[in-house]
*Asks:* 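To start, I am sharing the structure in question, which I have written as structure tokens.
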Protein chains: 2
Amino acid sequence: MQVLGEHIDHPSADTIYEEVRKFLPRISLGTVYRNLEIMSESGSILKLETGGSIKRFDPNTHSHPHFRCVKCGSIEDLPFGIDSSMFAGTDEDWIKGRKVQSLHVEYTGLCADCNGNTKS
Amino acid sequence: MQVLGEHIDHPSADTIYEEVRKFLPRISLGTVYRNLEIMSESGSILKLETGGSIKRFDPNTHSHPHFRCVKCGSIEDLPFGIDSSMFAGTDEDWIKGRKVQSLHVEYTGLCADCNGNTKS
DNA sequence: AAGCTAATAATAATAATTATCATTAAATAT
DNA sequence: ATATTTAATGATAATTATTATTATTAGCTT
Ligand SMILES: [Mn+2]
Ligand SMILES: [Mn+2]
Ligand SMILES: [Zn+2]
Ligand SMILES: [Zn+2]
């Protein structure tokens with residue numbers, strides 16, 4: 001939690017592993033995965049299943065949108081909130097028999113850095 | 001394209017492979033992956049990088065929201081459109097230096113089937 | 001201290017996807 | 001039509017993130 005709380009860049013399990021290793025050199029990657037799973041299940045962190053095949057972890061547990069750079073893979077927070085009422089008006093009859101648990105909004109494209117650098 | 005066009009359930013590469021095999025029994029999985037990649041790059045289909053670690057393919061190339069069932073893994077289309085103006089109002093100053101390419105909205109929860117069946 | 005329980009480290013297994021490369025098919029030139 | 005070049009494919013290996021396994025360790029309880 002300490003390590004994750006300092007990160008605003010949605011680190012992967014492996015990145016967190018490397019960071020934690022500085023404190024606890026004998027920790028194993030399995031333990032990092034296991035505890036991240038426990039934390040995400042208890043709701044104290046978010047496990048982001050974004051595009052791009054690797055899972056990332058977020059200390060901000062509020063539902064918020066992300067921007068994923070298709071070039072460098074970075075995930076950035078976007079500075080506005082989201083909620084279900086943005087869709088389908090107030091009549092949420094699309095829910096039908098479903099039980100809605102969460103909503104993830106993800107923009108993709110080039111981040112500011114990569115967009116500037118690719119204008120060659 | 002024939003096989004994919006008949007599917008409304010966002011099949012995986014492996015599912016498509018099994019289907020295509022009925023027509024072309026000697027086709028390899030690699031060829032399926034390769035051609036799905038080509039098609040998604042040319043824009044004739046969508047490669048969905050949803051949560052859940054496997055990629056799925058969608059003949060509907062318009063930006064539309066999905067619902068992913070966390071129990072059975074199914075992906076369903078939701079019957080309303082999305083566009084950027086739903087977020088952040090009209091002043092899209094959050095874009096800053098970024099180049100926005102696409103937007104994916106994904107709800108998760110229990111699909112109608114799984115929600116009904118789990119009420120034990 | 002002895003015994004029980006839960007967490008961990010080390011390692012193996014899994015699964016989706018991608019890469020490689022020899023072979024085959026298609027296209028083009030002779 | 002036949003030879004030659006080019007592109008696509010099938011078969012298989014490699015990669016990578018994640019999960020499972022299991023013996024060992026550490027923390028409690030009596
Ligand atoms: Mn975030
Ligand atoms: Mn769809
Ligand atoms: Zn970038
Ligand atoms: Zn379901």
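Note that the coordinates shown come from a computational prediction; the quantities given were computed from them, not determined experimentally. In what follows, chains carry the letters A, B, and so on, assigned in the order in which the sequence lines appear, proteins first and then strands, with residues in each chain numbered from 1.
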*Asks:* dA9(C) phosphate, OP1 or OP2: any side-chain N/O from T31(A) under 4.0 angstrom?
*Replies:*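 The answer is yes; a side-chain N or O of T31(A) sits under 4.0 Å from OP1 or OP2.
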*Asks:* Send over the distance from R21(A) CZ to dA10(C) P, rounded to a whole Å.
*Replies:*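 Rounding to the nearest Å, CZ of R21(A) and P of dA10(C) are 10 Å apart.
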*Asks:* OP1, OP2 of dA9(C) versus side-chain N and O of S28(A): anything below 4.0 Å?
*Replies:*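 So the side-chain polar atoms of S28(A) do come within 4.0 Å of the phosphate oxygens OP1 or OP2 of dA9(C), strictly under.
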*Asks:* Check the distance between dA8(D)'s P and N35(B)'s CG and give it to me in whole angstrom.
*Replies:*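 Nearest whole value for this atom pair: 9 Å.
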*Asks:* Could you tell me the separation between the CG atom of L24(A) and the P atom of dA7(C), rounded to a whole number of Å?
*Replies:*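 Checked: the CG to P distance equals 16 Å.
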*Asks:* Can you tell me how far C1' of dT17(C) sits from CD of E37(B), to the nearest Å?
*Replies:*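 In whole Å, dT17(C) C1' and E37(B) CD are 10 Å from each other.
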*Asks:* Do the side-chain N or O atoms of Y33(B) get closer than 4.0 angstrom to the phosphate oxygens (OP1, OP2) of dT18(C)?
*Replies:*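 So the side chain of Y33(B) is outside the cut-off, no N or O lying under 4.0 Å from OP1 or OP2 of dT18(C).
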*Asks:* Identify whether any heavy atom of R26(B) sits under 4.0 Å from a base atom; if not, whether one sits that close to sugar-phosphate; answer base, sugar-phosphate or nothing.
*Replies:*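 Sugar-phosphate contact only.
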*Asks:* Check whether F67(A) forms a cation-pi arrangement with R98(B) (NZ or CZ under 6.0 Å from the six-membered ring centre, at most 45° off the ring normal).
*Replies:*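 Relative to the ring axis of F67(A), which defines the angle, R98(B) lies inside both limits.
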*Asks:* Expressed as a whole number of angstroms, how long is the span from L48(A):CG to dT18(D):P?
*Replies:*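 Distance check: L48(A) CG to dT18(D) P gives 12 Å.
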*Asks:* Whole angstroms only, please: what is the CZ-C1' distance between R34(B) and dT20(C)?
*Replies:*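 Rounded to whole Å, this separation is 11 Å.
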*Asks:* At what distance, to the nearest 0.5 angstrom, does NE2 of H66(B) lie from CG of L46(B)?
*Replies:*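 Taking NE2 in H66(B) and CG in L46(B), the distance rounds to 7.5 Å.
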*Asks:* Within this structure, what is the CD1-to-P distance between I16(A) and dT18(D), rounded to whole angstrom?
*Replies:*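 My rounded result for the distance is 10 Å.
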*Asks:* Flag the pair E49(A) and R56(A) as a salt bridge only when some basic side-chain nitrogen lies within less than 4.0 angstrom of an acidic carboxylate oxygen.
*Replies:*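 Salt bridge flag = no for R56(A) with E49(A).
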*Asks:* Taking only N and O in the side chain of K47(A), is any of them less than 4.0 Å away from OP1 or OP2 of dT18(D)?
*Replies:*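 For dT18(D), OP1/OP2 do not have a side-chain N/O of K47(A) under 4.0 Å.
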*Asks:* For I54(B) and dA15(C), what is the distance between atoms CD1 and P respectively, to the nearest whole Å?
*Replies:*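 After rounding, the gap between these two atoms is 12 Å.
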*Asks:* Indicate whether any N or O donor in one side chain lies under 3.5 Å from an N or O acceptor in the other, for D58(B) and H7(B).
*Replies:*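 No, H7(B) and D58(B) have no side-chain donor paired with an acceptor closer than 3.5 Å.
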